[in-house]
Amino acid sequence: TTIKTKYRSATNGIWSDVATWESSYDDGSTWQAATDIPHEISIGTLISSTDTVTVNASILPAGFSMAEGSKVILNTGADFSKPISGAGTITIQAASNNRYTSTITGATTVNVIIAKTGSYVSNEWTIQFKCTMPANAQVNVSTILVSPEKAGYAINNTVVANAKVNLSENIRLLGFYNQNLTPAIGELTGVTSSTIENVPSNTNAVTYSIGGLNTDAIFNGTFENMTGFTGALNINKVGTGTWTLTGASDLFSSGSLNVNAGKVIMNGSIDSTAVPVTVAAGATLAGNGILGGATTVNGTLEGKLNFGSDLSLNGTTNLSVDGFAATQFDSISVAGNVTNGGTLNVTVNAVAPAINTAIRLIKAGTYTGSFTTVNVPANYTYDNATGVLTYTLGTNLAGSTNSKLNVYPTITRNVVHIEGENIASVQVVNLVGQIVKETGVNSNRTTINLNNMPTGSYLVKVRFVDNEIEVKRILFCN
């Protein structure tokens, strides 16, 4: 009769050393020092909490478990094709140039430590992590190498599709094979020295789809084409979350950035004019960074972005004005031509400026086309040919077009009376555009006290409930 044996680690040690293990012959009720190591007919093998087990050769069990806080070190010759059942946080250190193909389940956090730089040999990366990670798990990738050495984390199309990947210092995210790849990453974050790269090819492309978990994330690293290779590096933002990019991707020279869904906040830079950007309908591009390539926006554009080539606007452009100084309003800078189209929405969150104050919301080399719809506040105009927003106040100093509006006296020492039907509000504005008095109106007649105001001319701006505006000039003599 075959005795069914369970094993668990009793200490830090080597997998092949019997002293590393305890065994149980009664399904875990009692344990004793093992007389052999886990084998192919073991009914369970556990790396215990806080223990580190080093694997130097292929292991025989069909799989094994890792407790919270446990660690396995995989050296040259280690077989990592067996499934792992984890709990809580587990750590896997890849100490050799091997392929690690397995399925990891159960763990909430998987710390992957890479101890070799890795390289492409016969078109394959020497350290491959084709380990399917648990759904929604946090996968933290780091290295024990010292800068400037960097370690490559090579993945295939699906292994981290449902995981949250964080790249630590000096980690390169790569395709595992020199071919056209489409790796999916549920969420991606990273520090400034981390990179997302293409494969070493002038013809094959790698297309990363990032964001499928629909979460918000910040990537502080950069996109980079390997030196000497022009194979395209395509970055596709998917999912409904917001992905913020802060790195300066100076070495990203071939490929594309595509916002297919959700939102990308570009606060970093992609300087190359050879990297086009596309924003799909329903997606959003925002930020204050730089995009060098020709950009087409079929979705929504926001912020203070700088474009190094042409910009085509086909969706919705949302710009906000919080003030009229240079740094207080959203502005779009375009080195080439801007093609206006779609809808422009301008929101002004500031006190009205002096009459005829003008600010340039879109600064371009040349302008073509017109926005189909322009939504700006009352008393502002937008010029498609110059990108300029102007405050006009909309004054009608020749007289009211509403015969029932009466503002008197027009020369006064104390008060002014306003009479009319359906009046919503009244403002008194000085000739530099500042509102000096303001009131809502609940009847057909209101009186405004002008005492203590400087002598001079003022405009009484009357807004009706249908948003029509009439303006009368008065003279206040203190």
Side-chain angles (χ1 to χ4, degrees), residues 300 302 316-331 343-361 371 373-383 388-478:
T300 299
E302 301 172 347
T316 300
T317 302
N318 295 328
L319 300 176
S320 180
V321 178
D322 296 323
F324 295 87
T327 60
Q328 294 179 322
F329 56 88
D330 289 345
S331 61
T343 298
L344 172 65
N345 296 317
V346 179
T347 302
V348 178
N349 305 308
V351 174
I355 298 172
N356 295 324
T357 293
I359 55 176
R360 195 178 301 277
L361 299 182
F371 289 103
T373 303
V374 176
N375 296 315
V376 298
N379 302 322
Y380 288 86
T381 61
Y382 181 80
D383 187 349
V388 171
L389 179 76
T390 302
Y391 178 66
T392 61
L393 188 64
T395 56
N396 180 3
L397 299 179
S400 171
T401 60
N402 189 328
S403 60
K404 295 184 180 181
L405 177 65
N406 189 18
V407 177
Y408 65 93
T410 56
I411 301 176
T412 180
R413 294 181 179 275
N414 43 34
V415 298
V416 61
H417 305 287
I418 300 97
E419 295 178 351
E421 296 180 357
N422 300 318
I423 296 175
S425 65
V426 177
Q427 294 176 336
V428 178
V429 182
N430 63 25
L431 295 187
V432 295
Q434 297 172 317
I435 299 173
V436 295
K437 294 280 186 178
E438 185 171 17
T439 184
V441 178
N442 296 318
S443 65
N444 291 337
R445 186 178 190 275
T446 190
T447 299
I448 296 179
N449 193 326
L450 304 179
N451 287 337
N452 301 319
M453 287 175 45
T455 297
S457 293
Y458 292 88
L459 302 176
V460 178
K461 179 180 175 182
V462 180
R463 184 186 298 273
F464 296 90
V465 294
D466 61 0
N467 282 327
E468 288 188 3
I469 294 173
E470 297 292 339
V471 178
K472 293 285 190 176
R473 187 194 294 269
I474 62 170
L475 178 63
F476 176 64
C477 301
N478 196 349

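As the structure is a computational prediction, the values presented were derived from the model and not from experiment.
- Considering all non-hydrogen atoms of both residues, P409 and V416 come closest at O-CG2, 4.0 Å.
- For the atom pair CG (L361) and CG (D330), the distance works out to 8.5 Å, reported to the nearest 0.5 Å.
- Under the 4.5 Å side-chain criterion, counting only non-hydrogen atoms from C-beta, V471 is not in contact with V462.
- One distance of note links CG of N379 with CD1 of I469; it measures 4.0 Å at 0.5 Å rounding.
- For F464 against I423, the heavy-atom pair with the smallest separation is CE2-CG1, 3.9 Å.
- T357 places a side-chain N or O within 3.5 Å of a backbone atom of A354 that can act as its donor or acceptor partner.
- In this structure the side chain of I355 reaches within 4.5 angstrom of the side chain of L459, judged on heavy atoms.
- N349 CG to D322 CG: the interatomic distance, rounded to the nearest 0.5 Å, is 5.0 Å.
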Stepwise side chain to side chain contact (heavy atoms under 4.5 Å, CB included) check, D383 with T390: CA-CA 8 Å; D383 187 349; T390 302; over 6 Å; no
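- Interatomic distance, F329 CZ to I359 CD1, rounded to the nearest 0.5 Å: 4.5 Å.
- The side chain to side chain contact (heavy atoms under 4.5 Å, CB included) test with L450 singles out one residue from V415, I474, V436, and that residue is I474.
- In this structure, Y380 and P353 approach most closely via the heavy-atom pair OH-CD, 3.5 Å.
- F324 and V348 make their closest contact through CZ-CG1, 4.2 Å (heavy atoms, listed as atom of the first residue, atom of the second, distance).
- Put simply, the side chain of I435 does not reach to within 4.5 Å of the side chain of V428, judged on heavy atoms.
- A tilted orientation is assigned to the rings of H417 and Y408, their planes being inclined by 30° to 60°.
- Between M453 and F476 the shortest heavy-atom distance is O-CE2, 3.0 Å.
- Considering CD of Q427 and CD of E438, their distance stands at 4.0 Å, rounded to 0.5 Å.
- A 6.0 Å sphere centred on CZ of R413 holds no more than 12 heavy atoms belonging to other residues, nucleotides or ligands.
- You'll find the side chain of I411 reaches within 4.5 Å of the side chain of C477, heavy atoms only.
- Between the side chains of N345 and T317, no donor-acceptor pair is found at a separation under 3.5 Å.
- Looking at N318, L389, N375 one by one, the single match for side chain to side chain contact (heavy atoms under 4.5 Å, CB included) with V346 turns out to be L389.
- For N414 and N451, the side-chain atoms include no donor-acceptor pair closer than 3.5 Å.
- Rounding to the nearest 0.5 Å places CG of L319 at 9.0 Å from OG1 of T347.
- Contact between V407 and K472 at its shortest, heavy atoms only, is CG2-CG, 3.7 Å.
- Contact of the T373 side chain with the L344 side chain is not registered, since no non-hydrogen atoms from C-beta on lie closer than 4.5 Å.
- In this structure the side chain of S457 reaches within 4.5 angstrom of the side chain of R473, judged on heavy atoms.
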Decide yes or no on side chain to side chain contact (heavy atoms under 4.5 Å, CB included) for I418 and L405, but give the supporting numbers first. CA-CA 7 Å; I418 300 97; L405 177 65; 4.1 Å; yes
